[in-house]
Amino acid sequence: MELIGLANYALFMGVFIGIYALLALGLNIQWGFTGLFNAGIAGFFAVGAYTSAILTSPHVAGRLGGFDLPVLAGWTGAMLMAGAIAWPIGKICLRFRSDYLAIATIGIAEIIRLVIKSEDALTGGARGITRIPRPFGDLPYVQSQMAYLAIVIVVLGIAYMLIQRQINSPWGRMMRAIRDNELAATAMGKDIAYRRLQSFIFGAALMGLGGALFAHFNRAITPEAIDPMIATFLVWIMLILGGSGNNRGAILGAAIVWIIWSVSEIATDRLPHEYAVKAKYIRVFLIGLMLQLVLRFRSEGLLPETLPENPPRPQKQGTGA
């Protein structure tokens, strides 16, 4: 029985690693490749989670919903809604730089969280939304966990391949140019504001997909799941640790940080109750210590950014003597 319990927990961790890897990839598009300091990840995560929950959940009296749409429709709607919310936010906030942009996005994420918590007719308020369908949820527990993990791996793999292909294209080189030298990119005729907005929307849509996967895995979503510590700053630590500007590094950072976060929780839960409550802060300390060590000894992350090689230029045909 203990082995079965460990296997179930491993599957649980695998699903969450995949979900957080999607959030880290979305942040990598914004920060790693474009230099946009988005500190409001929790807001787009929440928009995606609640949008998919509203679209796919059964009818409940007094609350918007009851559309009972397929799960794929909910996930698609989550990405579209997160991207749609990101558009006006980006139009207003992307004119700011670095810490000012971070403050603005934190404020917007808090506005979204408070709206979700207070609008009972839209989001269920503090009770949240329950009875969210999970793909293969009718299977026995272990098989259901395995099936959902397979879905998350497929979604993550598709997202990784599409992002990697886009980053290695001229679009990706242009975004790096904007990140590294905005004046030079402007002199080359690039529309900086439009391209920054593109990156912001793409990253937000991926964060919305991560929120939708989270909601359907738990079969419920409540405002407590939108804690900025869990849904924003932990994602930043994952990206910094793994390597900003490297998609594989973002996934690696998500795996390492979530494993440490989860294993430390198991260790502290085994302590007596009076110590277990205090010991939970050890998790935050361990993550913070690890981040400090990485910033001190390997500031580029475990997998630093690697620039794509320029495609070879065609050789000119000699005319002959």
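Because only heavy atoms are used, hydrogens play no part in the values below, and waters and symmetry mates are left out as well, while side chains stay in. No experiment lies behind these values; they were computed from the predicted model shown. In this chain, numbering begins with 1 at the start of the sequence shown.
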Note to self: Less than 6.0 angstrom separating the ring centers of W236 and F37, yes or no?
What the structure shows: yes

Check: So how far is it from M207 CE to I19 CD1, rounded to the nearest 0.5 Å?
Finding: 15.0 Å

Next item on the list: Step through the shown structure and confirm whether more than 12 heavy atoms of other residues, nucleotides or ligands are within 6.0 Å of CZ on F285.
Entry: no

Checklist line | Whether F217 and Y148 hold their rings parallel, tilted or perpendicular, with breakpoints at 30° and 60° | finding: tilted

Checklist line | Distance-only side-chain donor-acceptor flag, Q30 / R196, under 3.5 Å | finding: no

Note to self: If you count heavy atoms of other groups shown closer than 6.0 angstrom to CG of D138, is the number above 12?
What the structure shows: no

Check: Got a second to check how far L25's CG is from F202's CZ, nearest 0.5 Å?
Finding: 15.0 Å

Checklist line | No-hydrogen, no-angle side-chain donor-acceptor test under 3.5 Å, R127 and T222 | finding: no

Note to self: More than 12 heavy atoms of other residues, nucleotides or ligands under 6.0 Å from CE of M146: yes or no?
What the structure shows: no

Notebook entry, point to check: Are K190 and E182 within salt-bridge range, i.e. N to O under 4.0 Å?
Noted result: no

Margin query: I'd like to know whether F200 forms a ring-ring contact (aromatic ring centres under 6.0 Å, His included) with F44, so could you lay out the CA-CA distance, the side-chain angles of the two residues, the decisive distance to 0.1 Å, and finally the verdict.
Written below: CA-CA 11 Å; F200 192 70; F44 301 111; 5.6 Å; yes

Checklist line | Closest non-hydrogen atom pair between G210 and L23, with its separation | finding: CA-CD2, 4.3 Å

Notebook entry, point to check: Say you draw a straight line from OG of S244 to CG of L303; how long is it, rounded to the nearest 0.5 Å?
Noted result: 12.0 Å

Checklist line | Heavy-atom closest pair, residues A24 and L239 | finding: O-CD1, 4.2 Å

Margin query: How close do I17 and A255 get, counting heavy atoms only, and between which atoms?
Written below: CG2-CA, 3.7 Å

